[in-house]
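Report on the following structure.
In each ligand, atom 1 is the first atom listed, and ligand 1 is the first ligand listed.
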Amino acid sequence: MKPRNLHTKIFLDSGIPTETQEMLQLLTFLDGQTTNPSLMAKNPVLSGKKFSKSELYDTYQKIATEISGLLPQGSVSLEVYADKDTSYEVMLEEGRKLNQWIPNAHIKLPITKVGLQVARTLVDEGVNVNMTLCFTQDQAAAVYQATTGAKRGQVYVSPFIGRLEDIGFSGMSLVFNIEQMYREEGDGHVMILAASIRSLEHLMLCLSRNIDIITAGSGVYKRWADQGCIVPDATYQHISDREAIPYTKDLLQNPSVDIQHNLTDTGLQRFADDWNNLLTL
Ligand code: E4P
């Protein structure tokens with residue numbers, strides 16, 4: 001049963017519908033699901049095989065439809081294929097296409113110059129977006145600025161905790177900085193979706209601070225369920241040996257024009273490589 005004191009939405013991070021069923025059984029609820037090209041490529045229907053472009057998109061659509069059908073009240077994030085050279089027109093067309101597949105999509109776009117321009121257009125068309133590969137407070141401020149006027153729930157920003165931890169920084173400190181910035185300076189139209197969760201501690205910290213949404217793999221939720229799905233209170237602490245990222249004040253009013261981050265660039269390339277590996281030459 002959903003814990004009464006749970007104020008964070010719980011999403012599964014997976015491209016495999018049987019995992020959705022398994023988590024629905026284990027937790028008895030799920031508020032949504034996030035996918036990305038690498039997670040999709042791990043689906044047994046795709047993994048290790050080769051497809052033409054149209055076959056690959058047909059299979060992607062079938063998987064998305066299956067997940068969406070399991071979570072009719074939830075949100076399902078579908079990521080556009082993109083690399084550093086993808087144009088505004090191509091990304092926009094792909095975003096519109098994915099959005100037609102299911103009624104409850106959030107279209108995942110990278111936080112790049114083109115990704116932000118596409119977000120502006122899609123939001124104006126009433127499409128939901130999930131701005132992914134977020135590694136800095138500046139990027140989160142840029143997402144906010146690019147999507148002003150959106151309804152709450154229409155825009156997610158996904159800070160990647162685990163990938164920051166991999167290079168020695170506290171991913172949780174970025175999540176807390178974005179939360180503080182939106183709370184103190186924003187109008188609430190962007191929701192934080194804490195992603196790249198690698199441990200139960202990340203989950204617990206997000207729950208204890210009522211972060212809007214968390215997405216994690218089934219392994220983390222199994223450990224949470226083993227502990228009775230407890231929701232710690234705001235005093236919950238976890239001592240991290242990673243370097244805390246300092247908070248920047250007044251960023252929403254004075255956003256930086258430089259939103260480039262190496263992890264965004266390499267992350268985009270990794271997603272593109274995993275997707276391209278499924279294609280026949
Ligand atoms: C979800 O939206 C993200 O794509 C996912 O959490 C990334 O996780 P990873 O850093 O473990 O690949």
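Using a 4.0 Å cut-off between a side-chain N of Lys or Arg and a carboxylate O of Asp or Glu, D274 and K42 do not qualify as a salt bridge. Here R120 pairs with D124 in a salt bridge; the nearest charged N to carboxylate O distance falls below 4.0 Å.
The heavy atom nearest to atom 5 (C) of ligand 1, considering only L39, I213, D13, is found in D13.
Nearest protein neighbour of atom 4 (O) of ligand 1, counting heavy atoms only, is N36 ND2, 2.7 Å. Closest to atom 2 (O) of ligand 1 among all protein heavy atoms lies K108 NZ, 2.6 Å. Regarding atom 3 (C) of ligand 1, its nearest protein heavy-atom neighbour is F160 CZ, 3.5 Å. Protein heavy atom in closest approach to atom 12 (O) of ligand 1: R163 NH2, 2.8 Å. What sits closest to atom 8 (O) of ligand 1 on the protein, heavy atoms only, is S196 CA, 3.5 Å.
Both tests pass for K97 against the ring of Y57: distance under 6.0 Å to the centre and angle within 45° of the axis.
Side-chain contact of T132 with E79: a donor-acceptor pair under 3.5 Å is absent, judged by distance alone.
Neither the backbone nor the side chain of E79 comes within 4.0 Å of ligand 1, counting heavy atoms alone.
Separating the CG atom in D13 from the OG atom in S158 is a distance of 9.0 Å, to the nearest 0.5 Å.
Side-chain contact between C134 and I178: present, with at least one pair of heavy atoms (C-beta onward) separated by less than 4.5 Å.
Residue R198 places at least one N or O, backbone or side chain, under 3.5 Å from an N or O of ligand 1.
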